[in-house]
Amino acid sequence: MASSIRVAVAGAAGRMGQTVCGAVESAPGMELTGRADPALDTPLGDVLENADVLVDFTVPTSAVANAREAVAAGVHVVIGTTGFDPHELTDLKDAKANVFIAPNFAIGAVLMMEFATEAAKHMAKAEIIELHHDRKVDAPSGTAARTARLMAAASESGATPPIHSVRLPGLVAHQEVILGDVGQTLTIRHDSTDRESFMPGVLLAIRKVGDLTESPTVGLERLLGL
Ligand SMILES: NC(=O)c1ccc[n+]([C@@H]2O[C@H](COP(=O)([O-])OP(=O)(O)OC[C@H]3O[C@@H](n4cnc5c(N)ncnc54)[C@H](O)[C@@H]3O)[C@@H](O)[C@H]2O)c1
C-alpha cells in the first residue's frame, strides 16, 4: 500500500485553515503533519520538513512568499488564498515542486464560472455581484475576478463585466452573474453556505498536485477535466 500524503496547513488557525485541518485528518490516505500560523506561534519553516504538500489559506500578502519557501524545500503547494496575482509565481514553472492555485474549490462555483463563460458568448452584456462575510479582506473576490476574465475572453465584445462587492455578516461566499440582452435577462447564482463546500476540491488538489504536468496550474476545472 502506498504511504499516506503528509500535509501541512498554512493559516491553520484561520476559518478555512481549521476546516482544512479537520478534512485532512478525516481523509483516507492523508496525514496532517503540521499547522503553521503566527497565531499558533508556528512559522512555516517548522512544518515543511515533514510535509509532501502545503495547503495555504492565509492572506494575500503571505501566499506568494509561503509558496516560494515551500517549493524551495521541495514541498508541493495548494493555494486557496485569494487577492494576489497568480502570475507572480510563473517563474516557478521549472522548480522541483508543483504549485496549484484555485480561487474557488467548490464544484458548484466552478460550474457557475463555466456556465457564465458559455452564456457570455451569446448575450450582449453582463454584471457580477459577489457577496461575502464582512471579515473577507480582499475585494473583488478571486472568484469574481476570474469569472470576469473568463467571460471577457469568451465574449464577442471582449468587455470585462463590472463587479459589485457586498460584505455583510451572515454571508459565507456567494456570487450572481446577471446577463442581459434585448427583452431578457439570465441569472446564474452559486451559494457556499458552509466552508465544508470547499473540502472535496481541496482534498482532490492535495492528491493531484504532485502529478501536475504544468506548474503553476490555476483553477479546479483543470483537475476535473471540464
Ligand atoms: N479558494 C477558495 O475556495 C477559498 C474559499 C474561502 C476562502 N478563501 C480565501 O482563503 C483565505 C483565508 O480565508 P479565511 O476566511 O480562512 O481567513 P482567516 O483570516 O480566518 O485566516 C487566515 C489565517 O492566516 C494566518 N496567517 C497570516 N499570515 C500567515 C503566514 N505568513 N503564514 C501562515 N499563516 C498566516 C492568520 O493568522 C489567520 O489565522 C482568504 O484569502 C480567502 O479569500 C479561498
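All values below come from the heavy atoms of this structure, side chains included, with hydrogens, waters and symmetry mates left out. This chain uses plain numbering: 1 for the first residue, then up along the sequence. Note that ligands are numbered from 1 as they come in the structure, with each ligand's atoms numbered from 1 the same way.
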Going by distance only, is there an N or O of Pro60 that falls short of 3.5 Å from an N or O of ligand 1?
no

Heavy-atom nearest neighbour in the protein, as seen from atom 17 (O) of ligand 1, with distance rounded to 0.1 Å:
Arg15 NH2, 3.7 Å

Please identify which atoms of ligand 1 are closer than 4.0 Å to at least one heavy atom of Ala13.
39 (O)

Within one Ile-Leu-Val-Met-Phe-Trp-Tyr cluster: Phe105 and Val55, side-chain cutoff 4.5 Å:
yes

Could an N or O of ligand 1 be found under 3.5 Å from any N or O of Ser62, whether backbone or side chain?
yes

Have a look at ligand 1 and work out which part of Lys136, if any, has a heavy atom under 4.0 Å from it: side chain, backbone, both or neither.
side chain

Quick one: look up the protein heavy atom nearest atom 4 (C) of ligand 1 and list residue, atom name and how far away it is.
Phe57 CE2, 3.7 Å

Heavy atoms only, cut-off 4.0 Å: how does Pro103 contact ligand 1, side chain, backbone, both, or neither?
backbone

Are Thr143 and Asn104 close enough that a side-chain donor and a side-chain acceptor fall under 3.5 Å?
yes

Top protein contact for atom 27 (C) of ligand 1, by heavy-atom distance:
Val59 CG2, 3.9 Å

Should Ile206 and Ile107 be counted in the same cluster of Ile, Leu, Val, Met, Phe, Trp and Tyr side chains packed under 4.5 Å apart?
yes

For ligand 1, does Pro43 get within less than 4.0 Å through its side chain, its backbone, both, or neither, judged by non-hydrogen atoms?
neither

Ligand 1 versus Asn66, non-hydrogen atoms closer than 4.0 Å: side chain, backbone, both, neither?
side chain

What atoms of ligand 1 come within less than 4.0 Å of a heavy atom belonging to Gly11?
23 (C), 24 (O), 25 (C), 33 (C), 34 (N)

Which heavy atom of the protein is the closest neighbour of atom 21 (O) of ligand 1, given with residue, atom name and distance?
Gly14 CA, 3.2 Å

Hey, are Arg6 and Glu31 close enough for a salt bridge, meaning a charged N less than 4.0 Å from a carboxylate O?
no

How long is the straight-line distance from OG of Ser165 back to CD1 of Ile128, given to the nearest 0.5 Å?
10.0 Å

Does Leu40 share a hydrophobic cluster with Val59, counting links as ILVMFWY side-chain heavy atoms below 4.5 Å and allowing steps through other members?
no

Taking only heavy atoms of Asp138 into account, list the atoms of ligand 1 that are under 4.0 Å away from them.
43 (O)

Which one of Thr58, Thr82, Leu220 has a non-hydrogen atom at the shortest distance from atom 42 (C) of ligand 1?
Thr82

Arg222/Glu214 ion pair, N-O < 4.0 Å:
yes

Ion pair present between Arg146 and Glu221, side-chain N to carboxylate O less than 4.0 angstrom?
yes

Output yes when the distance from some N or O of ligand 1 to some N or O of Met16 is under 3.5 Å, and no in every other case.
yes

Among Asp37, Asn104, Val78, which one has a heavy atom closest to atom 36 (C) of ligand 1?
Asp37

Just by distance, no angles: are the side chains of Glu196 and Thr19 close enough, under 3.5 Å, to form a donor-acceptor pair?
no

At under 4.0 Å between heavy atoms, which part of Leu44 makes contact with ligand 1: side chain, backbone, both or neither?
neither

Side chain, backbone, both or neither: Phe105 near ligand 1, heavy atoms under 4.0 Å:
both

For atom 26 (N) of ligand 1, what's the nearest protein heavy-atom neighbour? Residue, atom name and distance, please.
Pro38 CD, 3.7 Å

Does any N/O atom on Ala102 come nearer than 3.5 Å to any N/O atom on ligand 1?
yes

I need the Leu212 CG to Asn98 CG distance, nearest 0.5 Å.
5.0 Å

Is Thr81 reaching over with its side chain to a backbone N or O of Thr58, donor-acceptor style, under 3.5 angstrom?
yes

Given the rule that I, L, V, M, F, W and Y join up when any side-chain heavy atoms are under 4.5 Å apart, are Met16 and Val172 in one cluster?
no

Which protein heavy atom lies closest to atom 44 (C) of ligand 1, and at what distance to 0.1 Å?
Gly80 O, 3.0 Å

Between the side chains of Glu130 and His164, does any donor sit under 3.5 Å from an acceptor?
no

